[in-house]
Amino acid sequence: MAAVMVLGNGGREHAIAWKLARSAAVDRVYCIPGNPGTAREPGCENLPLSPLDAAGVVTAAHTLGVDLVVIGPEAPLVSGVSNALRLAGFPVFGPDAAAARLEGSKAFAKSFMERHGIPTAAYGRFTEAGPAERYLSSQPIPVVIKADGLASGKGVVVAQTRREALEALHRFLEWGPIVIEEFLEGEEASHIAIVSDGQVLSLAGSQDHKRLEDGDRGPNTGGMGAYSPTPVLDAAMSERVGREIMLPATRGLMADGLSYRGFLYAGLMITEQGPRVLEFNCRLGDPETQPLMMRLRSDLYAVLLQAARGDALPPSLDWDTRTALCVVLATPGYPDHPLIGARIQGVPRPEELPEHQKIFHAATRASGGHLYTAGGRVLGITVLGSSVSAAQSEAYALARRISWPGLHFRRDIGWRARPGRC
Ligand code: AMP
Ligand code: GLY
């Protein structure tokens, strides 16, 4: 029987750990550091260690004798924790630091896409205000201003006026280089694949809801909900994304001499001209992972181990044909100033929920037998339903059982997939 280590402590990592623990080949999933959700998951155990502490993680992997390490968030990937674990001889699912620059630097990602003919928005990269302002004045409005490095979704402004664009340009330049990008019109979707040195195995398509408020209004967040499958990534469009984006990206990584064993996430705008890449991430999406793990029927451990070792991947994965939908429950003030520490009421115990419903913890703290909010996105209510509306009704019925002062969630997750949407 195998032992697996999962780095990270969010809703994505709870879903990954839960799914890995269900594999017949796995008897222990160590979550570094995990959260109160993974603490209560059968077969999972939390270890109080930072996922960024490469030396500590390597020592723990040796002590526990793990057979596979899965890295959830981007920060340990970008900082080279994969490199340290690989050097120590462990099969790791998550790319090395050099390849993780695809997510860690927007400018690196843009020149990678340019070099390998991957469709994306036109752009310019700047380190100084003068040239940036001159470029901006030649661009139509709306225009998109992005900070170059990791910014947890807060480094992007879709400016509707020149004034707004200038304000973002100056604000982001204080942090470092910026990218000014053509505004793309269309519907967003997430196409994620398991990649292993030139092999690509696509997951089912999904759609995130990045804005805070219903109708895709308000500020950008890490994601307020997601569902899978999504009509915007139907079989024909998924095939096209595979051919025009994932395959050239995987070949491009090889051509650039970058080994890549991990999830590759293409955040897409499906425009009238076809799919365009908004961003690459070198990990699974959060909250896209929660519905994806609910739908995945294949053994996650087996396929991630094959990919981590560089073995041949299966031709496809097996998915539940139902819709899985995740509603994120957030704290008041999220995303800018999340107010945390409130006592959470009404969370059913995992064993009280039917198989097709799951509450994934994203930022909770357990103390004295109670749960408290511990970050902006707190819980992900995830259900499988026979249709988007069936999944919505059940997810919202479950969400309404849970409360804390100022609890916020979107009421329209999945709206783009509903017939007669407004
Ligand atoms: P990113 O972190 O690059 O994915 O950007 C965050 C969000 O900003 C995306 O999910 C889009 O909603 C929006 N966005 C980013 N780039 C563009 C673009 N070129 N055109 C339109 N919207 C964009
Ligand atoms: N849900 C968007 C992301 O994980 O980047």
Side-chain angles (χ1 to χ4, degrees), residues 8 10-13 15-16 72-75 77-78 100 102-110 113 119-125 139-160 164-165 168 172 178-192 203 205-213 215-228 230 232 263-273 275-292 326-328 330 335 360 362 376-377 380 410 413 416:
R12 166 183 49 216
E13 288 77 27
I16 295 171
E74 59 277 20
L77 295 167
V78 171
L102 265 189
E103 172 163 3
S105 162
K106 299 219 183 265
F108 177 86
K110 286 301 234 183
M113 288 188 256
T120 186
Y123 76 106
R125 178 182 186 268
Q139 298 300 303
I141 297 291
V143 67
V144 185
I145 315 290
K146 299 184 175 185
D148 187 33
L150 287 182
S152 310
K154 289 181 196 153
V156 177
V157 168
V158 179
Q160 302 294 341
E164 206 186 334
F172 291 168
I178 64 162
V179 166
I180 302 179
E181 204 173 276
E182 168 198 11
F183 173 77
L184 295 174
E185 211 153 352
E187 191 168 330
E188 284 184 60
S190 309
H191 185 110
I192 307 172
L203 307 187
S206 55
Q207 188 170 55
D208 183 14
H209 299 57
K210 293 237 171 76
R211 302 296 193 102
L212 183 67
E213 307 291 351
D216 293 334
R217 283 187 275 269
N220 259 318
T221 70
M224 294 300 294
Y227 68 103
S228 168
T230 172
V232 68
F263 291 110
L264 181 61
Y265 167 132
L268 303 170
M269 189 69 86
I270 309 297
T271 71
E272 275 179 8
Q273 291 73 40
R276 300 282 181 273
V277 177
L278 291 178
E279 62 168 349
F280 277 124
N281 294 321
C282 52
R283 50 165 177 82
L284 276 173
D286 191 341
E288 291 95 323
T289 306
Q290 290 83 321
L292 288 173
C326 171
V327 177
V328 169
F360 293 114
R377 296 188 293 169
R410 275 182 61 162
I413 301 303
R416 288 179 187 272

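Numbering of ligands and ligand atoms starts at 1, following listing order. Note that the numbering runs from 1 along the sequence shown for the chain.
Heavy-atom separations between Glu185 and ligand 1 are all 4.0 Å or longer.
Atoms of ligand 1 found under 4.0 Å from any heavy atom of Met269 (numbered from 1 in listed order, with element): 21 (C), 22 (N). Short contacts between ligand 1 and Leu184, defined as distances under 4.0 Å to a heavy atom of the residue, involve ligand atoms 18 (C), 19 (N), 20 (N), 21 (C). Those atoms of ligand 2 with a heavy atom of Arg283 less than 4.0 angstrom away are 3 (C), 4 (O), 5 (O). Shown in contact with Phe183 at under 4.0 Å from a heavy atom are these atoms of ligand 1, numbered in order with element: 20 (N), 21 (C). Near Asn281, meaning under 4.0 Å from any of its heavy atoms, are these atoms of ligand 2: 5 (O). Near Gly222, meaning under 4.0 Å from any of its heavy atoms, are these atoms of ligand 2: 1 (N), 2 (C). The ligand atoms of ligand 2 that sit less than 4.0 angstrom from a heavy atom of Asp208 are 1 (N), 2 (C). Within ligand 1, counting atoms from 1 as listed, the ones closer than 4.0 Å to a heavy atom of Lys106 are 1 (P), 2 (O), 3 (O).
Of the polar atoms of Lys210, none of the N or O atoms is found under 3.5 Å from an N or O of ligand 2, judged by distance alone. Taking any N or O of Gly285, backbone or side chain, none lies under 3.5 Å from an N or O belonging to ligand 2.
For the atom pair CG (Asp208) and OG1 (Thr221), the distance works out to 7.0 Å, reported to the nearest 0.5 Å. The NZ atom of Lys106 sits 10.0 Å away from the OG1 atom of Thr120 when rounded to the nearest 0.5 Å. Distance check, rounded to the nearest 0.5 Å: CD1 of Ile192 to CG of Leu264 gives 9.5 Å.
Residues meeting the side chain to side chain contact (heavy atoms under 4.5 Å, CB included) test with Ala362, sequence neighbours left out: none. When the salt bridge (charged side-chain N to carboxylate O under 4.0 Å, His left out) test is applied to Arg410, the partners found at least two apart in sequence or on another chain are Asp216, Asp412.
Annotation: side chain of Glu103 is not in contact with side chain of Tyr265 (no heavy-atom distance under 4.5 Å). Looking at heavy atoms from C-beta onward, Leu278 lies out of side-chain contact with Val144 at the 4.5 angstrom threshold.
Closest to atom 4 (O) of ligand 1 by heavy atom, among Glu188, Lys210, His209, Glu279, is Glu279. Considering Arg211, Arg276, Glu182, Lys146 only, the shortest heavy-atom separation from atom 15 (C) of ligand 1 involves Lys146.
By the 4.0 Å N-to-carboxylate-O rule, Glu181 lies close enough to Lys110 to be salt-bridged with it.
Both the backbone and the side chain of Leu278 come within 4.0 Å of ligand 1, counting heavy atoms alone. If you look at Arg12 next to ligand 2, there are no close heavy atoms at all, none under 4.0 Å. Contact annotation: for Val156 versus ligand 1, heavy atoms closer than 4.0 Å belong to the side chain alone.
The side chain to side chain donor-acceptor pair (under 3.5 Å) test with Tyr227 is passed by exactly one of Glu288, His209, Gln207: Gln207.
The backbone N or O of Gly218 lies less than 3.5 Å from a partner atom in the side chain of Arg211, making a donor-acceptor pair.
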